[in-house]
Amino acid sequence: MILKRFRASLLPMALAMLMVNCTLPKKVKFKNSIDTRDRQINYQSKKKYHFQELGVSVSNEFNGARLNGANQSNDSTITLHFAPENTPINKSPYYAFKTWSESPRQVYFELEYPKGFRHRYKPKKRINGKWSIMDSVDVIKTDGGRILKLMVNRKPQLIAAQEVNSSDDVRQWYMRKIVASNDFVHLESAGQSELGRDIPVLDIYRGSPVGKPIIVLLTRQHPPEVTGFFAFQKFLETIVEKSNISTRFLSKYRVLAFPILNPDGVDLGHWRHNANGVDLNRDWSKYNQLEVENAVSFIRESSKKGGGEIILGLDFHSTYEDVFYTNKTRKGTTLPHFIEDWFTRLEMDIKDYKVNEKDSNSNKPVSKGWFLYGEGAVGITYEIGDHTPKERILEIGGASSLAMMELLLEIE
């Protein structure tokens, strides 16, 4: 009797597990698999470091900060220690800290990275809410790192590898620029991140979504890659501006835009990974990470419910130079001629611009491969250079958005 009762109690559990498994998104096979199971990370201690002799303070007590330790080296120098969330990881040290002093003085900050890591990003500073690149005369090269010469005072300065855009900053942007006054923009959620942060989705269309082909826009899988995010911002702002072409485009197509896919990694100040120590842009196969699983589920469920085919996916990133990573396979996809036509238009529309394309079918489970192998759609990784001037980024972002809309409107 006890055994029968025990077996009976397992039946609902088994049925529940079966239902969960049935709702998981279908996996996509890649030639080279990557282990994206959880890996241990090293959290930075959030604290203020005060150096009484100098009267100077340094802090990482804000979202998007990265500072793993600090000590005074001499009567004018503070050494700042930076380490990644875990290893192995790309060799692109990220740093972000605030500093101020009791009275005005000049201080040298030495940026120190672990052995094997070399400096990548030009230091930037924010004063009174405005960002600027530090003058090169105030940046001294060292073996692998840099020494920054700063005048500090009571007003805190934020120094960072790239402009800090936390999850709160991102939300303020899309609420003000995309959602406000646009009744055709529907703010949705794909679910939560590993640490419970929202994964917002901007579902954009005019009229009914039913039957509309879907364009997916992704960004911030890798936390510090904000130049790609800037292009994403301008790309999306161009789509929602109340122009004739935008109105026509959104009456025919539907856009699903994910403005921050890795909110945990962004707010934790990670170099590349999420809260589980995993590169999200290597998880577009088995969906071991909640952020990718939720995004894939939302995209596919939206397509299924609305009856709209997924035709194009653009994933905005940053790297050393402007480049578009594309798939070689074009024939048989949703838009077999889009890439060539789009790039031709960009070179026509943007002054002194030459498209830098690197094409190869994705062997690793990245998003552009997921669009190709999982949906038969065009997938492109849209990369902006670390040091591309912001004005140029906005020009490219706006022109590429306009060209995309015009080309897709030409399709019968």
Side-chain angles (χ1 to χ4, degrees), residues 170-191 198-220 229-261 294-316 333-335 337-339 341-342 345-346 349 367 371 375-380 382 394-412:
V170 174
R171 178 175 173 79
Q172 289 178 29
W173 163 72
Y174 66 69
M175 291 301 296
R176 183 179 73 256
K177 290 282 193 175
I178 307 300
V179 177
S181 303
N182 291 325
D183 58 4
F184 53 88
V185 177
H186 312 271
L187 178 58
E188 304 288 349
S189 174
D198 183 49
I199 302 174
V201 188
L202 303 167
D203 191 357
I204 308 171
Y205 55 87
R206 289 184 178 273
S208 169
V210 175
K212 284 183 168 63
I214 295 172
I215 294 96
V216 179
L217 309 179
L218 309 167
T219 193
R220 298 304 289 280
F229 172 63
F230 296 151
F232 172 95
Q233 287 180 304
K234 186 61 178 179
F235 196 98
L236 198 56
E237 288 171 9
T238 304
I239 288 175
V240 302
E241 65 185 9
K242 295 184 175 75
S243 63
N244 176 263
I245 188 169
S246 169
T247 300
R248 290 167 52 217
F249 177 76
L250 292 176
S251 297
K252 184 175 180 179
Y253 293 97
R254 180 182 184 184
V255 175
L256 298 178
F258 294 76
I260 183 166
L261 202 56
N294 285 341
V296 169
S297 294
F298 189 94
I299 294 167
R300 285 185 167 163
E301 190 63 21
S302 298
S303 175
K304 181 180 178 181
K305 283 185 176 180
E309 183 182 20
I310 299 164
I311 61 169
L312 175 63
L314 301 179
D315 188 4
F316 292 74
T333 63
T334 48
L335 302 168
H337 305 294
F338 173 79
I339 292 175
D341 293 344
W342 193 41
R345 282 291 306 274
L346 295 187
D349 296 347
S367 64
F371 285 107
E375 302 298 325
V378 174
I380 302 173
Y382 187 136
L394 300 182
E395 181 183 13
I396 296 168
S400 59
S401 178
L402 189 62
M404 177 202 70
M405 289 191 289
E406 291 176 346
L407 286 172
L408 294 183
L409 281 171
E410 292 172 4
I411 299 173
E412 295 297 332

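- For Arg171, the CZ atom counts as loosely surrounded, since its 6.0 Å shell holds 12 or fewer non-hydrogen atoms of other residues, nucleotides or ligands.
- Using a 4.5 Å heavy-atom cutoff, the side chains of Leu312 and Met404 are in contact.
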Please report, to 0.1 Å, the donor-acceptor pairs under 3.5 Å made by any side chain of residues 206-218, with sequence neighbours excluded.
| from | atom 1 | to | atom 2 | distance (Å) |
| --- | --- | --- | --- | --- |
| Ser208 | OG | Val210 | N | 3.1 |
| Lys212 | NZ | Arg206 | O | 3.1 |
| Lys212 | NZ | Ser208 | O | 2.4 |
| Lys212 | NZ | Ser251 | O | 3.4 |

- Task: Verify side-chain contact (heavy atoms from CB on, under 4.5 Å) between Tyr174 and Val179, making sure each step is shown before the conclusion.
- Result: CA-CA 6 Å; Tyr174 66 69; Val179 177; 4.2 Å; yes
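- Judged by distance alone, with hydrogens and angles left aside, the side-chain atoms of Ser302 form a donor-acceptor pair with the main-chain N or O of Phe298 at under 3.5 Å.
- One distance of note links CG of Leu261 with OG of Ser367; it measures 9.0 Å at 0.5 Å rounding.
- Residues Leu187 and Pro200 come closest through the heavy atom pair CD1-CB, 4.4 Å.
- Between Phe229 and Thr219 the shortest side-chain heavy-atom distance falls below 4.5 Å.
- Partner of Leu407 under the side-chain contact (heavy atoms from CB on, under 4.5 Å) criterion, chosen from Leu335, Asp341, Leu402: Asp341.
- Counting non-hydrogen atoms of neighbouring residues, nucleotides and ligands closer than 6.0 angstrom, the NE2 atom of His186 exceeds 12 such neighbours.
- Atoms CD and CD1, on Glu188 and Ile199 in that order, are 14.0 Å from each other to the nearest 0.5 Å.
- Side chain to side chain, Ser400 and Tyr382 meet the donor-acceptor criterion of an N or O pair below 3.5 Å.
- A salt bridge does not link Lys234 to Glu395: none of the charged nitrogens lies less than 4.0 Å from a carboxylate oxygen.
- For the atom pair CZ of Arg254 and CD1 of Ile311, the computed distance is 13.0 Å after rounding to the nearest 0.5 Å.
- Ser303 places a side-chain N or O within 3.5 Å of a backbone atom of Gly308 that can act as its donor or acceptor partner.
- Across all non-hydrogen atoms, the minimal contact from Pro259 to Arg220 is O-CG, 3.8 Å.
- In plain terms, the two heavy atoms of Ile178 and Ile204 that are nearest each other are CG2-CD1, 4.5 Å.
- With contacts defined as side-chain heavy-atom distances shorter than 4.5 Å, the pair Met405/Thr238 qualifies.
- In this structure, CG in Asn182 is found 11.5 Å from NZ in Lys177, a value given to the nearest 0.5 Å.
- Taking CG from Leu394 and CZ from Phe235, the interatomic distance works out to 14.0 Å, rounded to the nearest 0.5 Å.
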- Dump the intermediate steps for side-chain contact (heavy atoms from CB on, under 4.5 Å) on Arg248 and Tyr253, then the final yes or no. CA-CA 9 Å; Arg248 290 167 52 217; Tyr253 293 97; over 6 Å; no
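- Ring centroid separation for the pair Phe316 and Phe230 does not come in under the 6.0 Å cut-off.
- Looking at Phe249 and Val255, their side chains come closer than 4.5 Å, going by heavy atoms from C-beta outward.
- In the displayed structure, Lys305 atom NZ is contacted under 6.0 Å by at most 12 heavy atoms of other residues, nucleotides or ligands.
- Within a 6.0 Å radius of NZ in Lys252, more than 12 heavy atoms belonging to other residues, nucleotides or ligands are found.
- Scanning both residues, Glu406 and Ile245, for their nearest heavy atoms gives CG-CD1, 2.8 Å.
- Closest non-hydrogen pair, Asn294 versus Ala190, comes out as CB-O, 3.1 Å.
- With sequence neighbours excluded, the residues forming a ring pair (Phe, Tyr, Trp, His ring centres under 6.0 Å) with Phe338 are Trp342, listed by chain and number.
- Heavy-atom minimum distance, Leu256 versus Ile299: CD1-CA, 4.2 Å.
- In this structure, the separation between CD on Glu309 and OG1 on Thr334 is 6.0 Å, given to the nearest 0.5 Å.
- Residues Asp315 and Ile380 are not in side-chain contact: their nearest non-hydrogen atoms beyond the backbone lie 4.5 Å or more apart.
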